[in-house]
Amino acid sequence: MNYIFGKQDMKTLTAGQERSFLLTNGLGGYASVSAAFSVPRCDQGILVAAVKAPNVRISMVHRLREQLCLGDKKVYLSSQGFAGKGSQEEGFRHLTDFSLDVVPSWTYRLEGVTVKRTLCIQYGKNAAAVLYEIENLSDGDCALHIDPFLKFAPKEAALEKKKDFIYSNGAVTDGTHTLYIHTDGKIRKRNTTWQKLAYPEDARDGRPDKGLSACCCRILMEAPAGTTVKQAVVFSMEPEALSAEEILKEYRQRQQELEARCGFDDPMARQLAVSADAFIAHRDSTRGKTILAGYPL
């Protein structure tokens with residue numbers, strides 16, 4: 001089933017954060033952010049890796065800050081609220097639609113440029129793929145700046161103290177965990193930047209209402225005037241990884257096979273059967289399967 005939400009559903013950041021999705025990798029790892037492409041909860045993220053399946057999970061890539069550069073003008077596509085009096089990112093204002101058809105996709109349009117973002121996770125591996133299609137019908141060149149903000153902390157733990165992140169040759173480490181970044185864009189090392197994020201959904205339940213996240217590199221994707229460019233980035237816990245397109249193809253194919261095997265004719269029943277598979281995970285200690293409930297609240 002395809003779920004589609006338009007601008008009328010995301011008039012504010014709060015409205016955009018009322019809906020979230022969950023993609024799981026069969027190990028206990030997952031990707032989960034809001035329809036506004038924000039993280040209103042500490043335990044959400046682009047890549048939460050299961051370093052020991054299924055319940056030792058580390059939030060690696062917490063969120064992506066995205067800026068579309070049109071000449072000297074920079075516009076956020078990402079959305080996020082911050083603790084304190086700082087301004088929030090309001091990319092949802094340029095979002096024309098968010099859809100969930102096996103995997104989530106977002107479409108943004110402004111000043112002759114259309115950007116489509118698709119997110120997927122690899123089944124059986126701790127890897128997440130983010131695919132971009134940039135159609136530039138404007139008169140000038142444009143570029144997309146993608147800044148991965150990292151935690152490298154247990155999924156349920158709000159990061160309270162700063163630590164060292166070191167970027168080198170397509171990998172980031174904090175001395176304990178290492179994240180590998182594979183992209184056909186350009187990666188540039190940057191001085192570490194810290195943000196204090198707001199977690200309004202956690203605040204409702206008495207959990208910490210804020211936490212830190214850091215960025216030490218930038219991914220650059222360029223689209224000259226009059227061109228359509230497709231590029232991607234894969235965040236992985238392993239030095240070698242499938243391409244983003246291969247990850248997306250495998251994930252869609254597996255979901256289609258689950259739906260075909262479930263034996264239901266009703267579309268909603270088929271969707272529920274496929275969704276139930278998200279809670280079945282491998283357990284390293286028994287080398288068998290388990291039912292897992294510990295995903296973002």
Enquirer: Residues in ring-ring contact (aromatic ring centres under 6.0 Å, His included) with Phe279, at least two apart?
Expert: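 For Phe279 the ring-ring contact (aromatic ring centres under 6.0 Å, His included) partners, ignoring immediate neighbours, are Tyr295.
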
Enquirer: Sequence neighbours excluded and cut-off under 3.5 Å, please list the side-chain donor-acceptor pairs for residues 91-101, or say none.
Expert:
| from | atom 1 | to | atom 2 | distance (Å) |
| --- | --- | --- | --- | --- |
| Arg93 | NE | Glu90 | OE1 | 2.7 |
| Thr96 | OG1 | Thr107 | O | 3.0 |
| Thr96 | OG1 | Arg109 | NH1 | 3.1 |

Enquirer: Other residues, nucleotides and ligands only: do more than 12 of their heavy atoms fall within 6.0 Å of CG on Asp266?
Expert: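 Enclosed: over 12 neighbouring heavy atoms sit under 6.0 Å from CG of Asp266.
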
Enquirer: Near Arg188 CZ, under 6.0 Å, is it more than 12 heavy atoms from other residues, nucleotides or ligands?
Expert: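 It does not: Arg188 CZ has 12 such atoms or fewer within range.
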
Enquirer: With a 3.5 Å cut-off and sequence neighbours excluded, list the donor-acceptor pairs that the side chains of residues 209-218 form with protein atoms.
Expert:
| from | atom 1 | to | atom 2 | distance (Å) |
| --- | --- | --- | --- | --- |
| Ser213 | OG | Leu150 | N | 3.4 |
| Ser213 | OG | Leu150 | O | 3.2 |
| Arg218 | NE | Asp147 | OD1 | 2.8 |
| Arg218 | NH1 | His145 | ND1 | 3.2 |
| Arg218 | NH2 | Asp147 | OD2 | 3.1 |

Enquirer: Output side-chain donor-acceptor pairs under 3.5 Å for residues 156-163, partner residues at least two apart or in another chain, one line each.
Expert:
| from | atom 1 | to | atom 2 | distance (Å) |
| --- | --- | --- | --- | --- |
| Lys163 | NZ | Lys151 | O | 3.2 |
| Lys163 | NZ | Phe152 | O | 2.7 |
| Lys163 | NZ | Asp174 | OD2 | 3.0 |

Enquirer: Keeping Asn25 on the side-chain end and Gly124 on the backbone end, is there a donor-acceptor pair under 3.5 Å?
Expert: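 No; judged by distance alone, with no hydrogens or angles, the pair does not exist.
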
Enquirer: Considering all heavy atoms of both residues, which atom of His282 and which atom of Ala53 are nearest to each other, and what is their separation?
Expert: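 So the minimum-distance heavy-atom pair works out to O-CB, 3.4 Å.
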
Enquirer: Who are the salt bridge (Lys or Arg N to Asp or Glu O under 4.0 Å) partners of Arg283, not counting sequence neighbours?
Expert: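 Residues passing salt bridge (Lys or Arg N to Asp or Glu O under 4.0 Å) with Arg283: none at all.
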
Enquirer: Using the rule that Ile, Leu, Val, Met, Phe, Trp and Tyr join whenever any side-chain heavy atoms are under 4.5 Å apart, tell me whether Val274 and Tyr123 fall into a single cluster.
Expert: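 Different clusters.
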
Enquirer: Quick one: is the NZ or CZ of Arg63 closer than 6.0 Å to the six-membered ring centre of Phe149, and within 45° of its axis?
Expert: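 Yes; both conditions hold, so Arg63 lies above the ring face of Phe149.
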
Enquirer: Identify which one of Ser38, Ser32, Ser59 satisfies the side chain to side chain donor-acceptor pair (under 3.5 Å) criterion when paired with Gln44.
Expert: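 For Gln44, the side chain to side chain donor-acceptor pair (under 3.5 Å) check succeeds only for Ser32.
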
Enquirer: Checking the side chain of Arg57 only, and the main-chain atoms of Gly29 only, is there a donor and an acceptor separated by less than 3.5 Å?
Expert: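 No, Arg57 side chain to Gly29 backbone: no donor-acceptor pair under 3.5 Å.
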
Enquirer: Using a cut-off of 6.0 Å, state whether more than 12 heavy atoms not belonging to Asn2 lie near its atom CG.
Expert: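 For Asn2, atom CG is crowded (more than 12 foreign heavy atoms under 6.0 Å).
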
Enquirer: Just verifying a value: how many Å separate Arg117 CZ and Glu133 CD, rounded to the nearest 0.5 Å?
Expert: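 One gets 13.5 Å once the value is rounded to the nearest 0.5 Å.
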
Enquirer: Is a side-chain donor or acceptor of Asp141 paired with a backbone partner of Ala225 at a separation under 3.5 angstrom?
Expert: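 Side chain of Asp141 to backbone of Ala225, a donor-acceptor pair under 3.5 Å: yes, one is there.
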
Enquirer: Please list, chain by chain and in numerical order, all residues satisfying side chain to side chain donor-acceptor pair (under 3.5 Å) with Thr228, sequence neighbours excluded.
Expert: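 Listed in chain order: nothing, the list is empty.
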
